[in-house]
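Below: the structure, in structure tokens.
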Amino acid sequence: VTVWLPVLVPALVGTVTFALGESRQRARNAVNLGGAALAIAVVVRLVWLAYHGEAASSAIPMLPGLALGMSADLLGLLFAAVATVLWGVTLVYAIGYMDHASDRARFFGFFAWCIAAANGVALADDPLSLFIFYEILSLTTYPLVVHSGTPEALAAGKKYLFYALGGGAALLVAVAWLATIAGQTPFTPGGALAAVSGRTAELRVIFGLFVAGFGVKAALVPLHGWLPGAMVAPAPVSSLLHAVAVVKAGVFGIIRLVNELYGPELATSLGVAEPLAVLAAVTIVFASVVALRQDDFKRRLAYSTVAQLSYITLGTALCSPLAAAGALAHLAHHAVMKITMFFTAGSVYETLHVKKVSQMPGLARRMPLTMTSFAIAAFALAGLPPLAGFASKWMLGAGAVEGGSVWAILIYVASGALAIGYMAPVLTSALREGDHRPAEGAESDPRMLWPIVTVGVLTVILGLTAGLPGSPVHWAMTAIAPSFAGWAP
Amino acid sequence: VGAVTPILPAGIGAVTFALDETAVPFLALFALLWTVSGLYAAVTTPAAERRRLFSYYLPAAIGGIAVALAADAISFYLCFALMAIPAWGLITHTCTAEARRAGAIYLTLTAIGEALLLAALIIMAVGADSLALGSLASGLADSPLRDVAALLLLTSIGLKIGTLPASGILPLSYTYTPAGAASALAGASAKVGALAMVRLLPAGVMPEEWASAVMLLGVTSAFVAALLGTLTTTPRAVLGYSSASQMGLVLVAAGVSLSDPSAVPLAYGAIVAFSLHHGLAKSALVLGDDVVSRLSGRLRTGALVALAIPALALVGAPLTSGFVAKYALKDAVHALHGAVPEAVYALLPWTAVGTAALMLRFFSLTRKRATELDGPARVPAFLWGLVLICTLVTVWLWPAEWNTHAQESAFSLSAMWAATWPGLTALLGWAALRAMPGAARRLAGALPPGDVLLGAASIVRAVDDTLTQDTDGAQRPRHARRRVHIGAALTSIEGRLVAWTAASTVFVLLVLVLVVLATS
């Protein structure tokens with residue numbers, strides 16, 4: 001039963017939040033924060049079990065021959081841990097950010113449900129279960145995107161829904177088609193399709209449909225169009241959408257697809273991995289270049305997200321163990337780095353109504369802690385040691401070399417340089433002398449400030465401890481190893 | 001899983017530092033220059049700006065000193081970045097538009113250089129299955145990626161030391177920087193490129209053509225940078241081009257090390273000798289230029305005369321540090337046989353003519369500098385004197401193989417003459433130029449610091465501007481629209497992609513599926 005708790009706890013929190021209604025703010029906050037703490041404890045327990053080879057699993061029969069399967073393996077738990085831990089941090093931030101907003105019950109309710117769905121995606125044991133949670137995730141995030149209710153938000157939400165449901169449709173076709181030729185195929189490290197590997201043409205098409213389905217949330221060009229528009233949502237939602245749950249559900253799906261449904265070997269021999277790698281490479285360069293010229297702070301971050309997600313996709317598609325592990329580690333590292341940045345964007349907007357990079361001069365003195373945390377995250381994103389982004393980038397690059405794809409390493413380092421290019425203007429602009437004067441009192445609401453500092457510090461800690469057992473890097477290597485026979489970290 | 005593979009960046013535990021034979025001279029140089037320059041900057045910077053300057057200077061100094069001790073790929077990369085990125089804050093310290101532009105160009109090239117370095121390090125670490133700097137290059141000998149790694153490294157180093165066509169990066173980074181910080185950048189920062197040559201370049205395993213090409217590139221850079229430098233307008237910019245020119249000579253030594261294993265010790269000796277010599281002399285010149293402006297009357301004249309010490313050293317006049325360094329370089333080039341090494345060997349003395357011309361230009365500009373007497377003068381002059389003394393004695397006293405040959409032949413007539421005629425030639429040329437009427441003389445002063453880089457930057461900015469305009473959807477005159485055709489195209493692609501709805505996505509997918517099904 002424990003394997004269901006990461007889904008059930010946030011789901012229950014969401015339901016209770018709705019039941020409590022708008023006015024009972026204290027109770028709502030207590031339920032949410034308590035629920036997050038409980039969910040984190042559950043995930044820690046599951047990780048403990050998985051590390052000791054007793055991964056919990058469970059299945060509920062739905063139709064004859066079809067079951068809703070859950071399994072708390074290390075691969076899924078990494079995503080679940082990222083989602084759950086950052087849910088806790090984001091809650092604190094959101095309570096501060098939404099202090100004067102309306103409809104907070106709706107907001108926090110869907111927020112919790114969204115985490116429940118993301119945890120479901122993480123722990124789903126087969127394509128069908130994953131699909132179900134994936135769709136729930138799409139539906140529960142829609143109210144968050146349109147939360148403000150402005151025409152702009154509604155338009156962005158509509159676009160998001162179209163994209164998400166379109167992707168979902170592709171995914172459903174893929175899942176159903178696969179089920180007809182291969183029956184129930186629980187995720188298996190190294191691939192679950194050995195029995196039907198001869199049906200190459202169908203498998204290729206199914207793979208394409210899977211990629212189209214996951215690619216929407218993973219923001220592969222040209223399926224990324226919803227993401228920059230969805231920036232109109234409140235900052236905690238952007239953080240959640242862009243850093244944690246939604247986009248990561250997409251790349252996580254691709255990780256499951258390549259490593260545990262098709263398996264790296266079959267994906268390579270079918271010739272489907274390479275086109276995916278090329279598509280990801282194109283996305284990285286394209287989005288990085290587009291990010292260079294965004295004056296809107298959140299849009300700039302959004303295109304950075306598009307590029308960084310394809311880091312993960314590319315690493316997975318290279319089908320080399322180090323790159324695959326690096327991709328999984330980057331899923332966690334990027335979440336922490338990018339959430340720091342979106343928290344910053346939200347904080348400078350909520351505190352000073354700064355939306356654009358060009359409005360930032362003087363900001364470094366006005367909000368020193370916030371901007372220092374942002375700078376750390378930016379340097380980490382650019383891949384400077386000893387910060388989090390460096391460790392995963394090194395593994396991605398080393399994996400590319402080991403797999404013989406030298407072109408991919410050039411993509412990685414080029415986008416590293418581009419990351420400096422699109423992050424540096426933010427920092428240099430903030431460091432310039434400008435209109436913002438040092439604050440008299442606190443630089444911003446402490447409920448926003450401290451989450452930012454926390455994730456900023458976490459960026460450093462993850463980088464410093466990258467080699468230690470239990471770190472995302474180590475965890476990712478352990479989780480990926482079974483997919484590559486004969487390879488051990 | 002205890003033994004995590006050595007390819008992994010195992011946190012801070014894997015960042016190793018060691019004091020080995022290569023590290024000692026570089027550590028001595030970097031520590032001295034970053035410290036003295038820092039003191040100089042502390043004394044000469046107005047109190048209100050000190051904190052801002054040093055919040056960049058200190059990290060840069062830490063990285064710039066520690067890089068000499070870095071013993072593995074990650075610590076090297078870390079120190080390299082720690083030095084190079086905060087240097088942006090030193091360059092843009094004055095907050096003027098030019099300084100900011102220089103900083104932007106610097107940061108762009110640095111980001112590219114860092115990226116290329118990282119790529120090379122990853123390739124080498126995977127090949128060597130180790131992160132230790134000592135074994136990195138060994139994995140390249142039989143690797144199919146040898147050439148790729150070497151090219152990445154050379155490009156990255158070239159961006160650091162101002163090899164053609166990036167020779168403008170050094171003058172750009174010196175010109176607007178406050179004197180103390182500029183001295184550190186001029187003396188220590190570019191020498192990290194020299195350190196990288198010794199630490200990282202695959203020595204003795206590259207084909208001969210590579211060695212020849214690199215040597216030719218180095219010599220060409222030396223000449224072209226000297227030419228650009230004589231045309232430029234500020235003393236600091238002249239010194240920047242002079243650095244690019246001298247680092248071209250260091251690149252020649254690096255070229256020597258590439259192909260022939262037997263020449264590697266000589267080449268490394270030359271690189272170390274040149275780094276010590278040039279680092280100290282260039283730092284003395286940058287500081288001296290500033291000291292001169294703080295003095296008046298007889299003291300100022302005295303300072304100008306003392307400024308001749310490092311200037312003569314750069315030219316390689318007898319009994320100077322440059323004399324020793326050039327001996328070491330000649331010895332190294334002489335160890336190779338073939339048409340290209342011999343041609344380079346014959347060209348080397350002529351590079352000194354270029355250097356002498358640069359120094360003359362530097363003097364004529366410094367002499368005319370306005371006096372600013374309100375700042376402190378005594379402590380700066382003392383610090384400068386310290387560097388001057390080091391310039392005079394260090395390379396002679398340094399216990400190393402590379403100075404024995406120079407010591408033996410220091411007083412032979414032929415050696416003295418060989419070290420003197422380039423300077424005399426430049427003097428003659430200078431006199432001839434002064435005698436010439438208007439047009440030729442006005443050439444000098446035609447070039448802003450940064451040469452081609454400024455041109456490149458303005459192109460980039462033009463493209464960038466048009467792209468930004470396009471997103472605003474502003475109405476622009478027709479001729480402007482035609483000029484930015486590519487930018488507009490890129491933007492409209494993105495515009496269309498963002499506008500694409502899921503319906504069309506699914507439609508396209510279904511068409512693709514049908515096509516695949518029909519053909520299989």
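Each chain gets a letter, A, B and so on, in the order its sequence line appears, and its residues count up from 1.
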Inset, instruction - May I ask you to test the B:L152-A:L410 pair for a side-chain heavy-atom distance under 4.5 Å? - result: yes

Legend entry - Partners meeting side-chain contact (heavy atoms from CB on, under 4.5 Å) with B:L82 (sequence neighbours left out): B:P59, B:I62

Inset, instruction - Check step by step if side-chain contact (heavy atoms from CB on, under 4.5 Å) holds for A:F390 and B:L78. - result: CA-CA 10 Å; A:F390 176 74; B:L78 168 63; over 6 Å; no

Inset, instruction - Count the heavy atoms belonging to other residues, nucleotides or ligands that lie under 6.0 Å from CZ of B:R50, then report whether that count exceeds 12. - result: yes

Inset, instruction - Using a heavy-atom cutoff of under 4.5 Å, enumerate the residues of residues 411-419 of chain A that contact chain B, numbered in order, or state 'none'. - result: A:V413, A:A417

Inset, instruction - Let me know if A:L462 has heavy atoms under 4.5 Å from chain B in its side chain, its backbone, both or neither. - result: neither

Legend entry - Partners passing side chain to side chain donor-acceptor pair (under 3.5 Å) against A:K393 (at least two apart in sequence or in another chain): none

Inset, instruction - Could you grab the distance from atom CG of A:L431 to atom OG1 of B:T92, nearest 0.5 Å is fine? - result: 8.5 Å

Could you go through residues 114-127 of chain B and list every donor-acceptor pair under 3.5 Å that involves a side-chain atom there, pairing it with any protein atom two or more places apart or in another chain?
none

Inset, instruction - Could you tell me which of A:P385, A:G397, A:A400, A:S471 has the largest number of non-hydrogen atom pairs under 4.5 Å with chain B? - result: A:P385

